[in-house]
Amino acid sequence: MKILTFIINAEVSMKNELIQILHKELTEYFTLDDLVKVLETPPNDELGDYALPCFSLAKKLRKSPKVIAESIADKLATIPEIAHLQAVSGYLNIFLNKDWIINLVLAQSLEQDYAKGKIDTKTIVEYCSPNTNKPLHLGHLRNMAIGESISRILKYSGHDVVKTCIFNDRGVHICKSMLSYQDFGKGEKPEDKKIKSDHFVGDYYVKFALQAKLEPNYEDKALQMLEQWEAGEQEIVSLWRKMNEWAFTGFNETFQLFGTNFDKEYYESQIFRNGKEIILAGLAKNIFQKRSDGAVVVDLEKYGLGEKVLLRPNGTSVYIVQDIYLAYLKNQDFCYDKSIYVVGNEQEYHFTVLKQILKLLGASYADGIQHLSYGMVELPEGKMKSREGTVVDADDLINNTAELAREEIFKRYPEMAISEVEKRSIAISLAAIKYQLLKTETSKNMIFNPKEAIRFEGDTGPYLLYSYARASSILRKAEVEYETKPWTANQSEMRLIKKIAQFPEILHDSSTRLVPSLLASYTYDLCQIFNHFFHDCPVLKSEFASQRLALVSSFRNTISIALNLLGIDTLEEM
RNA sequence: GCGCCGCUAGCUCAGCUGGAUAGAGCAACGCCCUUCUAAGGCGUGGGUCAGGGGUUCGAAUCCCUUGCGGCGUGCCA
């Protein structure tokens, strides 16, 4: 497996080109895998383009790292791709032939499908999965940003990706907004009050909570309504249909605004009764046990997961049974190799248990299951709590941020056509929000400061868009075609080229480790280096105009792919 | 109680599958627009990488331990 990924990678990355070259000469010192592992980028470019630490060989060869570095240097002395070598304090610093780097990297990175992979893997990505009783909030936005981005990253890396969503569209929480609407809604519709339809539903969920404080048995009433729903009582079912319709209509608007969609949607209401047969079959095979009170349980003690109830004494299923069924169903539908669940880290136990149960059941598709566990979003004041009204609503956040972008645009272009202002302000708003949500290491909890997210300077989404727009602007104004003929590239240019060269490795890591944040922070570094180049090196008026145009073009292509993989739309002008 | 995760500059975060002087952004201060987009660039100050111990030629990174914070441990979803 490792060798396989290596070979795929080797086609496109400068690092792997070099590793191939080194390996030919250094078989007695390093295996291919060793080289992949050990070859590193030095902390600054006075120390070369790559470095080979020789400490690990010291024991084996019973020589000092310094001596080893020197003798390796001798071995590599005649390789044309290497300009010179420096053995310093146990490291062998490698300075590559600049022309070789430039030609190789530009040739690769000017291709539209730079670093694109090809593997034969069917992968399902499930994400978002909202309840239909209230509108989407900031937590969903992080989920969606990660889900959409990892789907694109996997697809670009060659996976055949199916994006799915399970809508939790039934249950007592849904009945709560239904009950409160029935009691206080007076038959009103969202259109009447000019409220986005999912917000309209959510308002009744809030109203329920208020009422429940005044009326002690209000919660019970919701439970009763659930029973009526399950019994299929017409009035309740049609109320449920109507309100779900509102919720879905609203969600779809948000999905479209945010720029995400699903290939296959699942609905809890359609599957929640299934799965029981799987459990009973497991019971018959003695994989599960019947407890004295009649409940069906699975003993996961030896995996350190305790005992998990699957069927209650009254025979009804607990939540995980539905997920067991859904995994089965997904495999029926798509015959997947991998099935990724983008779900918060609070559900790690749930997915460990799910996978283990499927393994016990002997499901062939159990091994492909992977929980992409991401960290919770908190506000500077602490956690978001719907009861205390501290939840940041998704639509509001996008719109408020867009409003600020609008103001910034007016400052710069007071005459701009409204439609153009609209287009740009939404793009800027989404870039700001998505980047903010993606840049923190995916698995870590993050604090989302709305005031910081709407800032447009520094380490932000708009900075990335701005860098792209600057590159586009140069290319638009260029009158000559670029050519990739050699020149003596200066430090700013070399840094940019070398950063562009890293893209395939970053993409590879991001996709195999399922961590979009790696790509996000690379993208920022890349832009920083570009902006430094932009400041240092005039392009159009330079004697190296043609070569620099090639470089700008290569940057623009790379950043454009990267932003697309983050789910961020670019602007040609900003 | 047990389990998992986190703790890096005033704040928000990179760096964590061990490697060379620990990096960004924001905030503060100073400089740079008759030159391809100043939503930009450059500079200055700011660190006991939570504390302690260990492994190693080498530890922010791995192990143990203490503290603080979060989450999980539902016959909720």
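Note on naming: letters A, B, ... go to the chains in the order of the sequence lines (proteins, then strands), and numbering restarts at 1 for each one.
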Original post:
5'-most contact on RNA chain B: A/N445 or A/R412, nearest heavy atom basis?
Top reply: A/R412
Subject >> Contact nearer the 5' end of RNA chain B, comparing A/E408 with A/D525 >> reply: A/D525
Counting heavy atoms from C-beta on, name the nucleotide in [options] closest to the side chain of [X].
X	options	answer
A/H535	B/A39, B/C36, B/G41	B/G41
A/E346	B/U37, B/C7, B/G72	B/G72
A/K59	B/C57, B/G41, B/G6	B/C57
A/T440	B/U73, B/C13, B/C4	B/C13
A/E457	B/U21, B/G70, B/A39	B/A39
A/N44	B/U21, B/U37, B/G40	B/U21

[atom1] spacing across the pair [N] / [M], given as an integer number of angstrom:
N	M	atom1	result
B/G30	B/C36	P	27 Å
B/A14	B/A50	P	14 Å
B/G18	B/A60	P	14 Å
B/C13	B/A20	C1'	24 Å
B/G15	B/G25	C1'	15 Å
B/C16	B/G47	P	24 Å
B/A59	B/U12	C1'	26 Å
B/C11	B/U17	C1'	30 Å

d([atom1], [X]; [atom2], [N]) in whole Å:
X	N	atom1	atom2	answer
A/F55	B/A20	CZ	P	9 Å
A/I94	B/A20	CD1	P	17 Å
A/K37	B/C62	NZ	P	14 Å
A/H532	B/A38	NE2	P	16 Å
A/N345	B/G72	CG	P	9 Å
A/R470	B/C33	CZ	P	15 Å
A/R495	B/G41	CZ	P	14 Å
A/E348	B/G72	CD	C1'	9 Å

Under 6.0 Å between ring centres: does that hold for [X] and [Y]?
X	Y	value
A/H532	A/H535	no
A/F533	A/F555	no
A/W240	A/Y267	no

Using a 4.0 Å heavy-atom cut-off, does [X] contact any base of the nucleic acid, only the sugar-phosphate backbone, or nothing at all?
X	answer
A/I428	base
A/L540	base
A/K477	sugar-phosphate
A/N93	base
A/M376	nothing
A/C54	nothing
A/Y466	base
A/A58	nothing
A/Y524	sugar-phosphate
A/I409	base

Original post:
Does any N or O donor sit under 3.5 Å from an N or O acceptor when you compare the side chain of A/D459 with the base of B/U12?
Top reply: no
Original post:
Between the side-chain atoms of A/R455 and the base atoms of B/A39, is any donor-acceptor pair under 3.5 Å?
Top reply: no
Between [N] and [X], is there an OP1 or OP2 to side-chain N/O distance shorter than 4.0 Å?
X	N	value
A/Q528	B/G25	yes
A/K444	B/A14	yes
A/Y463	B/G41	yes

Original post:
Should B/C33 be called syn or anti, with syn set as within 90° of 0?
Top reply: syn
Who does [N] pair with, Watson-Crick or G-U, both distances under 3.5 Å?
N	result
B/A20	none
B/U34	none
B/U73	B/G1
B/A28	B/U44
B/G67	B/C7

Original post:
How would you list all residue pairs meeting side-chain hydrogen bond (donor to acceptor under 3.5 Å, both in side chains) that involve residues 316-327 of chain A, not counting sequence neighbours?
Top reply: A/N274-A/Y325, A/R312-A/T316, A/N314-A/T316, A/D323-A/H350
Between protein and nucleotides 75-77 of chain B, what N or O pairs are separated by less than 3.5 Å?
from	atom 1	to	atom 2	distance (Å)
B/C75	O3'	A/R312	NE	3.3
B/C75	N4	A/R291	NH2	2.0
B/C75	N4	A/D293	OD2	2.6
B/A77	OP1	A/R312	NH2	3.3
B/A77	OP2	A/Y319	N	3.3
B/A77	O3'	A/E268	OE2	3.0

**OP:** Report yes or no: is the cationic atom of A/K330 (NZ for Lys, CZ for Arg) under 6.0 Å from the centre of the six-membered ring of A/Y341, at an angle within 45° of the ring normal?
**Re:** yes
Original post:
Is there a side-chain contact between A/Y218 and A/L179, using heavy atoms and a 4.5 Å cut-off?
Top reply: yes
Subject >> Min side-chain heavy-atom separation A/L372-A/V343 under 4.5 Å >> reply: no
Subject >> From A/R556, A/E573, A/K477, residue fulfilling side chain to side chain donor-acceptor pair (under 3.5 Å) relative to A/S472 >> reply: A/R556
**OP:** Using the six-membered ring wherever Trp is involved, compare the ring planes of A/F208 and A/Y205 and label them parallel, tilted or perpendicular (cut-offs 30° and 60°).
**Re:** parallel
Original post:
Excluding sequence neighbours, so at least two apart, what forms side-chain contact (heavy atoms from CB on, under 4.5 Å) with A/N557?
Top reply: A/Y114, A/I561
Original post:
Passes salt bridge (Lys or Arg N to Asp or Glu O under 4.0 Å), A/E407 versus A/K411? Steps please.
Top reply: CA-CA 6 Å; A/E407 286 166 20; A/K411 272 190 222 163; over 6 Å; no
Original post:
Ion pair present between A/E408 and A/R412, side-chain N to carboxylate O less than 4.0 angstrom?
Top reply: yes
